[in-house]
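The structure under discussion appears below in the form of structure tokens.
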There are 2 protein chains.
Amino acid sequence: MTGAAGPTVDAEITWLLHRAAQRMHVVTGEQAEKHGLSLRDHIVMSALDKTPGMTQVELAKTLGLDKTTLMSLLDRLEQQGLVVRRADPRDRRARLPELTPAGDERRATVAAASTAAELAALSSFSAADVAVLRRMLFELIGTGTDPGSCL
Amino acid sequence: MTGAAGPTVDAEITWLLHRAAQRMHVVTGEQAEKHGLSLRDHIVMSALDKTPGMTQVELAKTLGLDKTTLMSLLDRLEQQGLVVRRADPRDRRARLPELTPAGDERRATVAAASTAAELAALSSFSAADVAVLRRMLFELIGTGTDPGSCL
DNA sequence: TATTGTTATACTCTATAACTATA
DNA sequence: TATAGTTATAGAGTATAACAATA
């Protein structure tokens, strides 16, 4: 497409990213589903663990989710008793989702299985390559996003 | 999550990939849409250009699309006069989609705009880093897929 | 029997708009 | 007026099942 350069790997980065994400979604998602969670459930719960005290809008922005998308995720997690929405004492409009003890236990279980699966899928790469990948993805996401959201 | 190691960038690779793909999808997709195509339309047409003579099943496998997903894409492209489905003389079940002259012209236009947008989005990275990224994504996709599909 | 193309269908993800209660 | 949460809804993207024609 660009011309004479690449031999086999000249496909669009956009589509390669899409398919790689799709594949890793399967790999880690099936770990989460073993414990009754979707990948996105797990992502939300990880964020609640790493950065507690966020409002729902802040949480959505951090994860790159639409606030309405986050709603259904939180609804389901709350219904399962894994998350509770607490009132923010400083702003009566806001609600602060947080993990319940049961939620945190589930989160830790899934986190272990998920990262293990991720490591296995990346096992053929050098640590340096993985570091490059991680840095590039992170910077790519940051482009166009306001700073401050450090996932 | 893994423990004490990473300072800021310790998020799951899976989610980073997802969001990076999402972002690049916007970047290159809006170029395609300037010319009346979706990103996926463009991906299909690029594949038809690079590897002509594939059946629909082969095309779907190459692109990592479900065959039923490909159907609606081809339907729309055929309806717009950008693609035709020709009969395979060697297998009367099979049909070989190919670009029309109009389709190839449109494809070339979108390809130029799309790769330019991709390059711009990746402009802050070194060529070596982009090469690492491309190679890793490619290998990641290959895992679990039968060889032979070289996109 | 297996495979290609096809249709119908459903489920998930995502985004938009509008409403409510606060600020 | 602006913002946080919420609801309803619609549009993509994806996958499953079933069918016809052909191998």
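Proteins come first, then strands; the chains are lettered A, B, ... in the order of their sequence lines, and each starts at number 1. Since the structure is predicted, the reported quantities are computational estimates derived from the model, not experimental observations.
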Residues D88(A) and R93(A) bridged, charged N to O under 4.0 Å: no
Q22(B) side-chain N/O to dC13(C) phosphate OP1/OP2 under 4.0 Å: no
same_hphob_cluster(L63(A), M71(A)) at 4.5 Å side-chain heavy-atom cutoff: no
Spacing of L65(B) atom CG relative to dA12(D) atom P, expressed in whole Å: 16 Å
Distance, rounded to the nearest Å, where R95(B) contributes CZ and dT3(C) contributes C1': 16 Å
Position toward the 5' end of DNA chain C (nearest nucleotide), H25(A) or P97(B): P97(B)
Of E118(A), H25(A), R23(A), the residue whose pairing with T14(B) passes side chain to side chain donor-acceptor pair (under 3.5 Å): E118(A)
Heavy-atom check, side chain of W15(B) versus side chain of T28(A), under 4.5 Å: no
Interatomic distance where CD belongs to E33(B) and P belongs to dG11(D) [whole Å]: 15 Å
Listed nucleotide nearest any side-chain atom of T55(A), set dT6(C), dA4(D), dT14(C): dA4(D)
Nearest-Å distance for atom pair CG/P, residues D66(B) and dG13(D): 14 Å
Nucleotides 17-23 of chain C: protein proximity per nucleotide (B base, S sugar-phosphate only, - neither; heavy atom, under 4.0 Å): B---BBS
Point-to-point distance, once rounded to the nearest 0.5 Å, from OG1 of T62(A) to NZ of K50(A): 10.5 Å
Whole-Å distance separating the CE atom of M54(B) from the C1' atom of dT3(C): 18 Å
Cluster overlap L96(B) with V44(B), hydrophobic side-chain contacts below 4.5 Å: no
Distance in angstrom units between L74(B) CG and dT6(C) P, rounded: 8 Å
Sugar-phosphate only, base, or nothing, as touched by E58(A) at under 4.0 Å among non-hydrogen atoms: nothing
Partner of Q56(B) by side chain to side chain donor-acceptor pair (under 3.5 Å), out of R95(B), R85(B), K61(B): R85(B)
Between dT7(D) (C1') and L70(A) (CG): distance, integer Å: 15 Å
Phosphate OP1/OP2 of dG13(D) contacted by R40(B) side-chain N/O (<4.0 Å): yes
Separation of atom CZ in R19(A) from atom C1' in dG13(D), rounded to whole Å: 15 Å
